[in-house]
Amino acid sequence: MKSTTGTDFFKSVYDVVARIPYGRVTTYGAIAEHLGMKSSARMVGWALNADRYNLNMPYHRVVNRNGELSGSRYFPQPGMMRQLLESEGVTFVGDAVDIKKFIWIP
DNA sequence: CGGGTGACTTTAC
DNA sequence: CGTAAAGCCACCC
């Protein structure tokens, strides 16, 4: 859990994720780059993993650079992530979203 | 301070 | 398309 020391790294991630518009997706790299750590996209997903149980945010709109739903396996139910995205009008190409069309950069 | 870990990314074979 | 390896940074013990 985030200590009161205020790492705020997570907070930054949550802030960006919460800003993802409806029907759009973003990538870990894009968020990391926005935070100034483009070389460490891992931290983004890792940050979500830390609070996915406590926070209510559209983290299903966060996908990897290839548009694949790498995080879907960490969702409560398999296929839920894709279902949510399709529900928002996001189209898929195979097992990945049409990242080129729905990519959103903060 | 050091080692292990990870929802990533890129390059290479 | 598959696996492998390296780079990367924050967090935990």
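Below, chains carry the letters A, B, ... as their sequence lines are ordered, and counting in each starts from 1. Worth saying up front: this structure is predicted, and the values here are computed from it rather than measured.
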Item to check | salt bridge (charged side-chain N to carboxylate O under 4.0 Å, His left out) against Arg61(A), all qualifying residues, sequence neighbours excluded | outcome: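 Scan of Arg61(A) (salt bridge (charged side-chain N to carboxylate O under 4.0 Å, His left out), adjacent residues dropped) gives Glu88(A).
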
Checklist entry - Is there side-chain contact between Arg24(A) and Thr26(A), with heavy atoms separated by less than 4.5 Å? => result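 No, side chains not in contact.
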
Next on the checklist: Does the structure place the NZ or CZ of Arg65(A) under 6.0 Å from the centre of the six-membered ring of Tyr28(A), at an angle of no more than 45° from the ring's axis?
Outcome noted: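 No, cation not above the ring by the 6.0 Å, 45° rule.
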
Checklist entry - Is the ring centre of Phe9(A) less than 6.0 Å from the ring centre of Trp46(A)? => result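 No - the distance between ring centres of Phe9(A) and Trp46(A) does not fall below the 6.0 Å cut-off.
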
Checklist entry - Between Tyr59(A) and Tyr14(A), does the ring centroid distance fall short of 6.0 Å? => result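 Aromatic pair excluded; centres sit 6.0 Å or further apart.
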
Checklist entry - What is the distance from CZ of Phe9(A) to P of dC12(C), rounded to the nearest Å? => result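 The distance from CZ of Phe9(A) to P of dC12(C) comes to 12 Å, rounded to the nearest Å.
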
Item to check | Spacing between Met37(A) atom CE and dG7(C) atom C1', to the nearest angstrom | outcome: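 In whole Å, dG7(C) C1' and Met37(A) CE are 15 Å from each other.
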
Pull out every protein N or O sitting under 3.5 Å from an N or O of nucleotides 9-13 of chain B, one pair per line with the distance.
from	atom 1	to	atom 2	distance (Å)
dT9(B)	OP1	Arg65(A)	N	2.8
dT9(B)	OP2	Arg65(A)	N	2.8

